[in-house]
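Only this structure's heavy atoms are used, side chains among them; waters, hydrogens and symmetry mates stay out. Each chain gets a letter, A, B and so on, in the order its sequence line appears, and its residues count up from 1.
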Number of protein chains: 2
Amino acid sequence: MDKRKKEKLAKKGWKVGSVAEFLDLSAEESAYIEMKLALSEKLRERRRRKKLTQAELAKAIESSQSRVAKMEAGDPTVSIDLLVKSLLALGMSKKELGRTIS
Amino acid sequence: MDKRKKEKLAKKGWKVGSVAEFLDLSAEESAYIEMKLALSEKLRERRRRKKLTQAELAKAIESSQSRVAKMEAGDPTVSIDLLVKSLLALGMSKKELGRTIS
DNA sequence: TTACAATATGTCAGTTATGACATATACTGC
DNA sequence: GCAGTATATGTCATAACTGACATATTGTAA
């Protein structure tokens, strides 16, 4: 099974913690995916707290609604870089980001 | 001044903290760069602690010596994703990564 | 139900990151 | 000085990510 497929499955329904055994991911692979999922969730949370639609957030960060949706869905084509930049744009601090990742 | 140039300069000699004012980066931009630099430094530190050459590390993570050098130099063409994956491969935990970023 | 807003999913052309390679520079011991 | 090793820098073809768009699905209020 290729990595893309794995990540795509990983975020669908399978709650963090059981992902690894089910898909036989290495420790590093699952840590990486868990980090991305944590950032995804924080993004949605932050956006909602600010009462923004995906389209509005997209405009603010010069992206598109579809990409925001993919970020929040933990889509494997989304980089950590983009997630981090978006969260910073939403006012998150390095410290909070650090805590989110852990 | 374009972003590439900024980041390239940012890592050369100008110690974190004065970067922002000197290059008039936004708060988010400098936070992003500071995070990358922190990860870069950790990578070099971890690699050296394990007594690995850049070439050896490169082989372990299926990359190249030149890319490892660029990672450690904070080169703007290096993504956070690659830095994170490399650090995970070196045995770093999510928790440590979180602390590094903060 | 219907109508509308929000979100999700698929695709794709343009951009950026990547590994690989060549080559330059720095570092070490002789 | 010289050799040998490690690291740095530049370039390039390929791969991965990106915003944009179309369209589907879900949510929600009347």
Q | Lys/Arg-Asp/Glu bridge criterion (N-O < 4.0 Å) met for A:Glu41, A:Arg44 | A | no

Q: Run the numbers on B:Leu97 and A:Ser102 for side chain to side chain contact (heavy atoms under 4.5 Å, CB included), then give the verdict.
A: CA-CA 7 Å; B:Leu97 276 171; A:Ser102 303; over 6 Å; no

Q) Rounded to whole angstrom units, what separation is found between the CG atom of A:Asp75 and the P atom of C:dA8? A) 11 Å

(Q) For B:Arg46, give me all partners under side chain to side chain donor-acceptor pair (under 3.5 Å), at least two apart in sequence or on another chain. (A) B:Glu96

Q | Nucleotide of D:dT7, C:dA8, C:dT18 approaching A:Glu72 most closely (side-chain heavy atoms) | A | C:dA8

Q) Does the salt bridge (charged side-chain N to carboxylate O under 4.0 Å, His left out) test come out yes or no for A:Glu34 and B:Lys94, once each step is laid out? A) CA-CA 9 Å; A:Glu34 284 168 14; B:Lys94 287 192 299 174; 2.9 Å; yes

Q.
Categorize A:Val68 for me: base, sugar-phosphate, or nothing, with a 4.0 angstrom heavy-atom threshold over every strand shown.
A. nothing

Q. Out of C:dA8, C:dT18, D:dA8, which has the shortest distance to the side chain of B:Ala69?
A. D:dA8

Q: Name the nucleic acid region contacted by B:Arg48, choosing base, sugar-phosphate or nothing; use a 4.0 angstrom heavy-atom cut-off, strictly under.
A: nothing

(Q) Any carboxylate oxygen within less than 4.0 angstrom of a Lys/Arg side-chain nitrogen, looking at B:Arg47 and B:Glu56? (A) no

Q: Could you check how far CD of A:Gln54 sits from P of D:dT23, rounded to whole Å?
A: 20 Å

(Q) OP1 or OP2 of C:dT18 versus the side-chain N and O atoms of B:Ser79: is any pair under 4.0 Å? (A) yes

Q: Please list, chain by chain and in numerical order, all residues satisfying side chain to side chain donor-acceptor pair (under 3.5 Å) with B:Thr100, sequence neighbours excluded.
A: none

Q) In whole angstroms, how far is the P atom of C:dA17 from the NZ atom of B:Lys85? A) 14 Å

Q: Take nucleotides 19-30 of chain C nucleotide by nucleotide from the 5' end and write B, S or -, depending on whether a protein heavy atom sits under 4.0 Å from the base, only from the sugar-phosphate, or from neither.
A: BBB---------

Q) Can you find a side chain N or O atom of A:Thr77 that sits less than 4.0 Å from OP1 or OP2 on D:dA16? A) no

Q) Between D:dA6 and B:Arg47, is there an OP1 or OP2 to side-chain N/O distance shorter than 4.0 Å? A) no

